[in-house]
Q: 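Here's a structure for you.
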Amino acid sequence: MLNNAILIAGPTASGKSALALALAQETGGVVINADSMQVYDVLSLLTARPSAEDLKRAPHFLYGHVPPSVAYSTGAWLDDVAKLVESGALEGKRPVFVGGTGLYFRALLEGIAPVPPVPDAVRRHWRQRMEKEGPEALHGLLAERDPDAASAIGTGDAQRITRALEVFEASGRPLSAWQQENTPPLVDRVSACCIVLEPEREFVRQRIGQRFDRMVEEGALEEVKALLALDLPPELPAMKAIGVPELAACLANACTLEDAIERAKTATRRYSKRQGTWFRNQLGEDWLRVPLSSENALPRSLAGVLQASAKPAE
């Protein structure tokens, strides 16, 4: 189990990576990716992976190590973290986990159900049915097969509904039953410093716009071309990364570049809003909440985080 870990969560474009790098340098630590899109090796710009200069300033792990042909999962990521620990790469280093994937943080702190791998054919079947029938219809089906899981999953949560159905078909056992056998957590919650960034909407809106413009200037279109050249199934997670469908439409002459950019920015803003809602509702009171705005600079040290997250005296 990892002691004294730092966990940094927050919506996209909130400045998580910059804070993680600053804290890794301050503590002599290492940065470990906890974002489900930054694992893919082709999508460096569009997923805002750390720059080559950032990689020189502190060790970084679990970035760009997965082919886009793989449907990577929370369980696979947790296995990769465990392998990293076993390899000795973190020995004597303070681990700084950073990303926007809430389920990764939950798995670190609470463990994960030891669900067996789901065959690709089963996964494709349920994702295709979800696209055709929609989440409400499949939620009703899930209620018949795994009522406990259905009661814990919202009727509009397509990703979790699909996951529960594919697990039931692949294993013959309800996901809710598997979840009662969680693996031990990898991070000691008592000694961990858990931070979540909470930017104001206009603050993150401006950052999203500026960042996507920069992505396009630096070659995001070429990245999408390289991804499309692999001729991968459209239901794979990497093919759905924000910016890929939008820029792919531009490359197919279905829209202008300006339209594609605006659509991608809109999709990013919506995603950021969903992330913020999840973090507010799902992360416990032991997480330090750091508000951000154009007037409130991002902290660059642990002391700054503690000060920024402190509640004013009543």
Side-chain angles (χ1 to χ4, degrees), residues 5-26 29 31-39 43-51 53-54 57-58 60 62-63 95-106 108-109 192-216 218 220 241-243 264-311:
I6 298 173
L7 280 60
I8 305 174
T12 188
S14 57
K16 300 182 300 296
S17 295
L19 177 59
L21 180 56
L23 297 189
Q25 290 185 291
E26 178 189 0
V31 180
I32 305 169
N33 173 42
D35 186 281
S36 62
M37 286 293 107
Q38 290 186 339
V39 301
L43 301 175
S44 176
L45 291 170
L46 279 179
T47 62
R49 289 210 321 250
S51 67
E53 184 61 32
D54 291 338
R57 294 169 60 190
H60 286 66
L62 304 188
Y63 288 92
V96 182
F97 292 91
V98 60
T101 304
L103 292 179
Y104 283 11
F105 291 110
R106 176 176 287 173
L108 273 180
L109 296 169
C193 177
C194 300
I195 304 162
V196 57
L197 303 184
E198 296 186 332
E200 290 183 356
R201 185 169 299 180
E202 185 55 31
F203 171 78
V204 78
R205 179 188 180 92
Q206 292 177 4
R207 288 176 61 92
I208 285 170
Q210 294 166 357
R211 188 179 70 173
F212 201 85
D213 287 339
R214 188 167 60 251
M215 288 174 176
V216 173
E218 294 177 357
I242 294 176
K265 289 178 181 178
T266 298
T268 307
R269 290 194 294 268
R270 289 172 177 167
Y271 177 58
S272 174
K273 184 178 179 181
R274 292 196 301 273
Q275 286 179 299
T277 299
W278 197 96
F279 292 136
R280 282 193 301 274
N281 296 334
Q282 299 294 328
L283 299 183
E285 295 181 358
D286 54 337
W287 283 74
L288 301 174
R289 298 181 180 271
V290 180
L292 298 174
S293 68
S294 55
E295 292 80 26
N296 184 19
L298 181 70
R300 286 293 188 271
S301 66
L302 278 176
V305 168
L306 293 173
Q307 181 178 3
S309 63
K311 295 181 180 179

Q: So does D213 pair up with K265, basic N to acidic O under 4.0 Å?
A: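 Answer for the salt bridge query: yes.
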Q: Between atom CD of E218 and atom CZ of R211, what is the distance when rounded to the nearest 0.5 Å?
A: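 If we round to the nearest 0.5 Å, E218:CD and R211:CZ are 11.5 Å apart.
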Q: Can you tell me how far the OG atom of S44 sits from the CE atom of M215, to the nearest 0.5 Å?
A: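 Here the interatomic distance stands at 9.5 Å.
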Q: To the nearest 0.5 angstrom, please state how far the CG atom of L43 sits from the CZ atom of R49.
A: 8.0 Å
Q: Is Q38 reaching over with its side chain to a backbone N or O of T47, donor-acceptor style, under 3.5 angstrom?
A: yes
Q: Taking the side chain as every heavy atom from C-beta outward, state whether L288 and C193 have any pair of such atoms under 4.5 Å apart.
A: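 Result yes, sub-4.5 Å side-chain heavy-atom pair found.
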Q: Could you tell me whether a side-chain N or O of R300 sits under 3.5 Å from a main-chain N or O of A22, the two making a donor and an acceptor?
A: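 Checked: no pair found.
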Q: Looking only at heavy atoms, what is the nearest atom pair of A241 and M37, with distance?
A: CB-SD, 3.6 Å
Q: Could you check whether any side-chain N or O of K16 sits under 3.5 Å from a backbone N or O of G10, counting only pairs where one atom can act as donor and the other as acceptor?
A: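 Confirmed, K16 side chain pairs with G10 backbone.
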Q: Hey, are the side chains of I208 and S272 touching, using non-hydrogen atoms and a 4.5 Å cut-off?
A: yes
Q: Does R289, at its CZ atom, have more than 12 non-hydrogen atoms belonging to other residues, nucleotides or ligands within less than 6.0 Å?
A: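 Result for CZ/R289: enclosed.
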Q: I need the L283 CG to L7 CG distance, nearest 0.5 Å.
A: 9.5 Å
Q: Which atom pair, heavy atoms only, marks the closest approach of F212 to A264?
A: CZ-CB, 3.3 Å
Q: Would you check if I8 and V305 make a side-chain contact, meaning some heavy-atom pair closer than 4.5 Å?
A: no
Q: Do R269 and T266 come within less than 4.5 Å of each other through their side chains, counting heavy atoms only?
A: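 Sidechains of T266 and R269: in contact.
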Q: Got L302 and I6 here, is their nearest side-chain heavy-atom distance under 4.5 Å?
A: yes
Q: Are any side-chain N or O atoms of T277 and backbone N or O atoms of K273, one a donor and one an acceptor, separated by less than 3.5 Å?
A: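 Present.
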Q: Using the side-chain contact (heavy atoms from CB on, under 4.5 Å) definition, which of the options N33, L21, I32 pairs with H60?
A: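 Among the candidates, only L21 passes.
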Q: Do the side chains of F97 and L62 get nearer than 4.5 Å, heavy atoms only?
A: no
Q: Please report the closest heavy-atom contact between A220 and L46, naming both atoms and the distance.
A: CB-CD2, 3.9 Å
Q: State, to 0.1 Å, how close A24 and V31 come at their nearest heavy-atom pair, and which atoms those are.
A: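 For A24 and V31, the tightest heavy-atom pair comes out as CB-CG2, 3.7 Å.
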Q: Which pair of non-hydrogen atoms, one from V204 and one from T12, has the smallest distance, and what is that distance?
A: CG2-O, 3.3 Å
Q: How long is the straight-line distance from CZ of F279 back to CG of L197, given to the nearest 0.5 Å?
A: 9.0 Å
Q: If you take all heavy atoms of L292 and S14, which pair is closest and at what distance?
A: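 In this case the closest contact between L292 and S14 is CD1-O, 3.3 Å.
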